[in-house]
Amino acid sequence: MMTRTKYRPAEIERKWQADWDSQGIYYAKDDAPNPNYYNLVMLPYPSGDLHLGHWYNYTGIDAHGRFMRMRGWNVSQPMGFDAFGLPAENAAIRHNIQPRTWTLENIERMRVQLRKMGACWDWPRETVSCLPDYYKWTEWLFLQFYQAGLAYRTKAPANWCPSCNTTLANEQVVNGTCERCHTLVIRKEIDQWLFRITKYADELLDFSGLNWPEKTVTMQRNWIGRSEGAEIRFVLRVEQEKVEIPVFTTRPDTIYGVTFFVLAPEHPLVGRITTTEQQKAVEGYVDQARRESEIERMSTEKEKTGVFTGAYVTNPVSGEQVPIWIADYVLMSYGTGAVMGVPAHDQRDFEFARKFGLPIRQVINPPEEEPSDPATWTEAKAHYGVMINSGPFNGTPLEEAIKAVTRYCEKQGIGKATVSYRLRDWLVSRQRYWGAPIPIVYCEKDGIVPVPEDQLPVLLPDEVEFKPTGESPLRYVSEFLNTTCQKCGGPATRETDTLDTFLCSSWYFLRYIDPKNDQEAWSKEKIAKWLPVDMYMGGAEHAVMHLLYARFFVKALRDMGLLNFNEPFTRLYHQGTVLGPDGQKMSKSRGNVVAPDDVVDAFGADAVRGYLMFMGPFDQGGPCSIQGIEGVSRFLNRVWNLVQDSAEAFSGAAVVDTEIGREIKRTTHKAIKRVTTEYEHIRFNTALAGMMELSNALIKARETEAVRTAEYRQAIAVLLKLLAPLAPHITEELWHQIGEHESIHVQLWPIYDEALTRDAVVTVVVQVNGKVREKLEAAPDASEEEVQALAMASERVKANLGGKAPKKVIYVPGKLINLVG
RNA sequence: GCCGGGGUGGCGGAAUCGGCAGACGCGACGGUCUCAAAAACCGUUGAGGGCAACCUCAUGAGGGUUCAAGUCCCUCCCUCGGCACCA
């Protein structure tokens, strides 16, 4: 036996990373002979250091990309940085450092760490969203949306700390108070820009042709929240003037059950309709509601609250007058901000009526049930049924009820069938410095004036001060703020809010394809070669917002003629979360953080990559254990020794056509089949288990004359190829050690012969009354009669059947026979 | 609260379609090698009972469907992600 060299991960990893870099083998050409495969991972926020979660995510995309590459695809796997956002500004305030400096330093550090993974990053395509050559086009896109009528300015609420005089992100609100000064936070209406995503609500509900996790599709559907119903206008007189208040309802059939009416506390009509006697109570309640979060308000657990306004409104269908209340369970952001109170048939209205002693009237009765006294009810009856106590509509059957009332409203001109969505327009204004400027100028004469495209980008000034004024720091940079109007040439001021970073990340996957283009955001020809994205990986926390915004962007840009496909991401996969060894979320305060640099230094990148993928199902994540990394490290060592011990055999003459060789061949083909299937389904843990089984079999065979068979050599080569996507360095090194000269990462994936994966004899389980009593060997295609005869020959089976013949026999060919006595 | 996941040995997990529960790995125990230790290698390892052949129990809890349930249905408990300004 030849003397082994020792497996030294650090050495070979450095060596091969340099080799791959110098050859640029992972930099995808646009016009390769093989088909393009866009392998995308959600780009990171440059927080400073790569943590284990990044490693987890990126190893997954990299293993998938390498697998697809070996299967013959021209894979591009780009990387970039989503570099605008709040943390840079916090760092600026805390450490007196320019956000740009802080961000770019972090990016540089992360680039170095990313290279240590040995992943096939397509670096020439890198983009950084906070650099002018990127945000120029973010601004340009804003203008396209504006010109298409998809961007508009209106009053919208923001979290406001009255003491710091500043708007706050939700994250900065702790238990309803400001994280810095603990003052109660209120919601304040300010002028802001929004994107009209609701225009695409219906198209966004269509997921056909997408290979996405079912749960993500469900979450997006629920988020959009389409419901069909009717808008009905209730009427009242205020100082002789007729005022109409529309309500949205999914149950127009319950209109005769309306016994009260509720407005959201922030409803614009509240001030106008409130009577003098009720004014104090109403104002107090509105104040209180402004301090509550929507999550608190929507809680069905919380006891209902509300205040009577003193006003009454007329039910346009029944003509009845009912009192108008305000209550926090009605949200201004859904429907029309007004609700018709039908306590008999809506649980929230029921609770409200019980709390305030309002009447409850049953108007819907399920078929074959007698109406009952609502006073005896413990909850609302929300089901459908026949209309009762409903004047001319009495007796309308449940199938007709909703349609009948809606039709009546339409005929009378008091309402119409309509569709309501939970989805709201996308608020893109941020009162912050570190974001892409909104390319808009305000002129006293001409109003809102977009910055001409040839003047883009509107550059962020470097010199800013972070003062708690409630406005973007940009407002105090006069060289930035003051400009001239492009229409009239008169003095004008710039928009000082910046864009939500979700906007930057809604199109980066387009820029990757053409990152250096200074003439246009992207070339349509290049986009056609790569888009839509074939695989998109990222956390499930983005299931709704980011993924919905990106879909909206693509659809809107398609309608502007800038793209010609419908969906950005054909296949989507969510990786899970890596937890600390204690099963808790990793955090400095818990002291359970595993730093990738430390474990990579100790075990090498390949062992860390392998362990992360072996830990459990990739979409589940789980606790990280150092001992687990050791385990995979041991496996890699065994593979190293196995190949080194076999290197000698590779140089000698092969023994051909032996029984032992055929057995190895069968094992090898079974392994290829299993591992390939697992890779296809992104099940890296079981893929690796399959490789371990193959390697265990080869280690056993090493002790026999099998080492000199051609099949054994092939098995070794196969094992290295199967392992290459997970452990790229060690496999590259060993590949060269067995005498190959090309990179293993440009080899083709091994293929298996189905016939060779089948066993000659299978184990059939014999059950008696559903319990396993015997196992026997049979041909895979043995008939029921044969297997039953074999089973009945067993003493155990006979004893368990009590010597009698079975009453019933269930046979699953090649697997199981169940004899029921 | 609402929406969406998840719960299997001492631990991470495996188990195409409802068909042998516990693959693979970690840990533990025993052994080989060694002056010794580490490493490496070999073996055992769900729980309970039995001298043994074997038997019984067991996939968060309780109920149900089925020849057969980790897998399907109902009720409940725990836990994780999202909830529109963290990204």
Side-chain angles (χ1 to χ4, degrees), chain A residues 42-45 47 82 84-87 90 158-159 167-173 192 213-223 225 293-302 333 422-432 500-502 504-505 539-546 548-549 574 576-577 579 581 583 585 611 614-617 619-632 634-635 637-638 641 677 681 683 685-686 688-693 696 699 763-772 775 796 806-812 815-821:
Chain A
M42 289 181 188
L43 84 178
Y45 177 79
S47 51
D82 186 17
F84 276 135
L86 193 60
N90 287 340
N159 294 320
T167 55
L168 297 173
N170 286 343
E171 190 189 50
Q172 298 171 304
V173 181
Q192 308 200 65
E214 201 46 53
K215 62 166 186 171
T216 310
V217 171
T218 306
M219 276 194 266
Q220 290 210 353
R221 281 220 176 92
N222 293 340
W223 185 261
S293 72
E294 290 211 347
I295 293 173
E296 284 164 3
R297 286 173 57 167
M298 285 185 299
S299 167
T300 50
E301 200 94 307
K302 201 182 83 153
S333 54
R422 215 181 67 91
L423 181 70
R424 314 205 285 254
D425 275 341
W426 172 14
L427 198 156
V428 298
S429 291
R430 299 291 181 269
Q431 294 72 43
R432 300 236 166 71
D500 179 8
T501 55
F502 270 127
C504 310
S505 58
E541 68 273 23
H542 294 293
V544 181
M545 303 181 63
H546 161 63
L548 201 60
Y549 294 149
H574 296 303
T577 317
L579 305 172
K585 209 182 213 174
Y611 169 68
F614 185 61
M615 216 169 69
D619 58 358
Q620 254 171 56
C624 164
S625 112
I626 304 290
Q627 282 173 338
I629 303 178
E630 266 170 23
V632 173
R634 275 206 285 270
F635 165 67
N637 256 301
R638 280 196 294 270
N641 292 336
T677 311
H681 292 93
R683 293 190 295 242
N685 55 331
T686 45
L688 201 49
M691 294 174 223
M692 286 170 172
E693 279 176 350
N696 288 344
I699 286 168
T763 305
V764 176
V765 170
V766 183
Q767 296 186 337
V768 176
N769 293 322
K771 289 200 165 159
V772 180
K775 288 174 189 183
R796 278 187 71 196
K807 288 194 193 104
K808 190 174 170 186
V809 178
I810 288 109
Y811 178 54
V812 184
K815 270 200 174 150
L816 169 146
I817 186 162
N818 189 5
L819 309 170
V820 185

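Fair warning: this is a prediction, and the values are worked out from it, not measured in the lab.
When distances are taken from the side chain of E693(A) to each of C24(B), A84(B), G27(B), the shortest belongs to C24(B). When distances run from any side-chain atom of E630(A) to the nucleotides G27(B), C24(B), G19(B), the shortest one goes to G27(B). In the set C24(B), G81(B), A15(B), C24(B) carries the atom at the smallest distance from any side-chain atom of N696(A). Set against G25(B), C20(B), G81(B), the side chain of T763(A) has C20(B) as its closest nucleotide. Between A15(B), C26(B), A87(B), one nucleotide has an atom nearer to the side chain of T686(A) than all others, and that is A15(B).
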Using a cut-off of under 3.5 Å, enumerate the N/O to N/O pairs linking the protein to nucleotides 3-7 of chain B.
| residue | atom | partner | partner atom | Å |
| --- | --- | --- | --- | --- |
| C3(B) | O3' | N222(A) | ND2 | 2.7 |
| C3(B) | O2' | N222(A) | ND2 | 2.9 |

Return the polar atom pairs (N/O with N/O) between nucleotides 50-52 of chain B and the protein under 3.5 Å, or none.
none

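As a whole-Å value, the separation of D82(A) CG from C85(B) C1' is 14 Å. Rounding to whole angstrom units, CG of residue N637(A) and P of C26(B) are separated by 12 Å. Protein atom CG of L427(A) is 15 Å distant from nucleotide atom P of C83(B), rounded to whole Å. Distance CD (Q220(A)) to P (G81(B)): 20 Å, rounded to an integer number of Å. In this entry the distance linking CD1 of I699(A) with P of C24(B) reads 13 Å, nearest Å. Atom pair R422(A):CZ and G82(B):P shows a separation of 15 Å (rounding to whole Å applied). Atom CG in N90(A) sits about 17 Å away from atom P in C85(B), given to the nearest Å. Distance, L86(A) CG to C85(B) P: 13 Å, rounded to whole Å.
The two residues P213(A) and H574(A) have their closest heavy-atom pair at CG-CD2, 3.9 Å.
Rounded to a whole angstrom, the distance from the C1' atom of A47(B) to that of A39(B) is 34 Å. For the P atom pair drawn from C86(B) and C20(B), the interatomic distance equals 48 Å after rounding to whole Å. Distance noted for atom C1' between G82(B) and U75(B): 26 Å (whole Å). If you take atom C1' in U8(B) and the same atom in A14(B), they sit 10 Å apart, rounded to whole Å. When the C1' atom is compared between C57(B) and G9(B), the two are found 14 Å apart, to the nearest whole Å. Between the P atoms of G6(B) and G64(B), the separation comes to 25 Å (whole Å). G70(B) sits 10 Å from G19(B) when the P atoms are compared, rounded to a whole Å. Comparing the C1' positions of A23(B) and G12(B) gives an interatomic distance of 13 Å, to the nearest angstrom.
Partners of Q192(A) under the side chain to side chain donor-acceptor pair (under 3.5 Å) rule, at least two apart in sequence or in another chain, are Q431(A). For the salt bridge (Lys or Arg N to Asp or Glu O under 4.0 Å) test, residues two or more places apart in sequence or in another chain that qualify with R683(A) are E678(A). Shown here are the salt bridge (Lys or Arg N to Asp or Glu O under 4.0 Å) partners of R634(A), two or more places apart in sequence or in another chain: there are none. Every residue two or more places apart in sequence or in another chain that forms a side chain to side chain donor-acceptor pair (under 3.5 Å) with H546(A) is listed here: Y536(A). S625(A) is linked by a side chain to side chain donor-acceptor pair (under 3.5 Å) to nothing, counting only residues two or more places apart in sequence or in another chain. In this structure, R432(A) has no salt bridge (Lys or Arg N to Asp or Glu O under 4.0 Å) partners at least two apart in sequence or on a different chain. Every residue two or more places apart in sequence or in another chain that forms a side chain to side chain donor-acceptor pair (under 3.5 Å) with T763(A) is listed here: E777(A). The ring-ring contact (aromatic ring centres under 6.0 Å, His included) search around W426(A) returns F195(A), Y549(A), not counting sequence neighbours.
For G621(A) and K815(A), each mapped to the nucleotide of RNA chain B holding its nearest heavy atom, the one lying further toward the 5' end belongs to G621(A). Mapped onto RNA chain B by nearest heavy atom, M615(A) and V632(A) fall at different nucleotides, with M615(A) at the one closer to the 5' end.
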Can you give one letter per nucleotide of nucleotides 54-71 of chain B, 5' to 3': B if a protein heavy atom sits under 4.0 Å from the base, S if only from the sugar-phosphate, - if neither?
-SSS---------B----
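Within 4.0 Å of L423(A), counting heavy atoms only, lies at least one base atom of the nucleic acid. Counting any heavy atom pair closer than 4.0 Å across all strands shown, H546(A) reaches no nucleic acid atom. Within 4.0 Å of S429(A), counting heavy atoms only, lies at least one base atom of the nucleic acid. Here F635(A) lies out of heavy-atom contact (under 4.0 Å) with every strand. Contacts of K585(A) with the nucleic acid, taken as non-hydrogen atoms under 4.0 Å apart, involve only primed sugar atoms and P, OP1 or OP2. V544(A) comes within 4.0 angstrom of nothing in the nucleic acid, heavy atoms only. Residue P617(A) is in sugar-phosphate contact alone, with no base atom involved, counting any heavy-atom pair closer than 4.0 Å across all strands shown. As judged by a 4.0 angstrom heavy-atom cut-off over every strand, Q627(A) is placed among residues touching the sugar-phosphate backbone only.
Base orientation of G27(B): anti (glycosidic angle beyond 90° from 0).
Not one side-chain nitrogen or oxygen of R424(A) sits closer than 4.0 Å to the OP1 or OP2 atom of A84(B). Note on R634(A): a side-chain N or O is less than 4.0 Å away from OP1 or OP2 of G27(B). Side-chain nitrogen and oxygen atoms of S625(A) include none within less than 4.0 Å of the OP1 or OP2 phosphate oxygen of C26(B). Put simply, N685(A) has a side-chain N or O that comes within less than 4.0 Å of OP1 or OP2 on A14(B).
Counting heavy atoms from C-beta outward, R638(A) and I699(A) have side chains that approach closer than 4.5 Å.
Under the side chain to side chain contact (heavy atoms under 4.5 Å, CB included) rule, T218(A) has a single partner from E214(A), Q220(A), R221(A), which is E214(A).
Applying the 3.5 Å distance criterion, the base of C85(B) shares a donor-acceptor pair with the side chain of Q192(A). At a cut-off of 3.5 angstrom, counting only N and O atoms as typed in the model, there is a donor on one side and an acceptor on the other between the side-chain of Q431(A) and the base of C85(B).
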Which nucleotides of RNA chain B pair, in dot-bracket form (Watson-Crick or G-U under 3.5 Å, | meaning another strand):
(((((((..(((......[....)))((((((.......))))))((((....))))..(((((..]....))))))))))))....
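A side-chain donor-acceptor contact under 3.5 Å links N818(A) to the backbone of G770(A).
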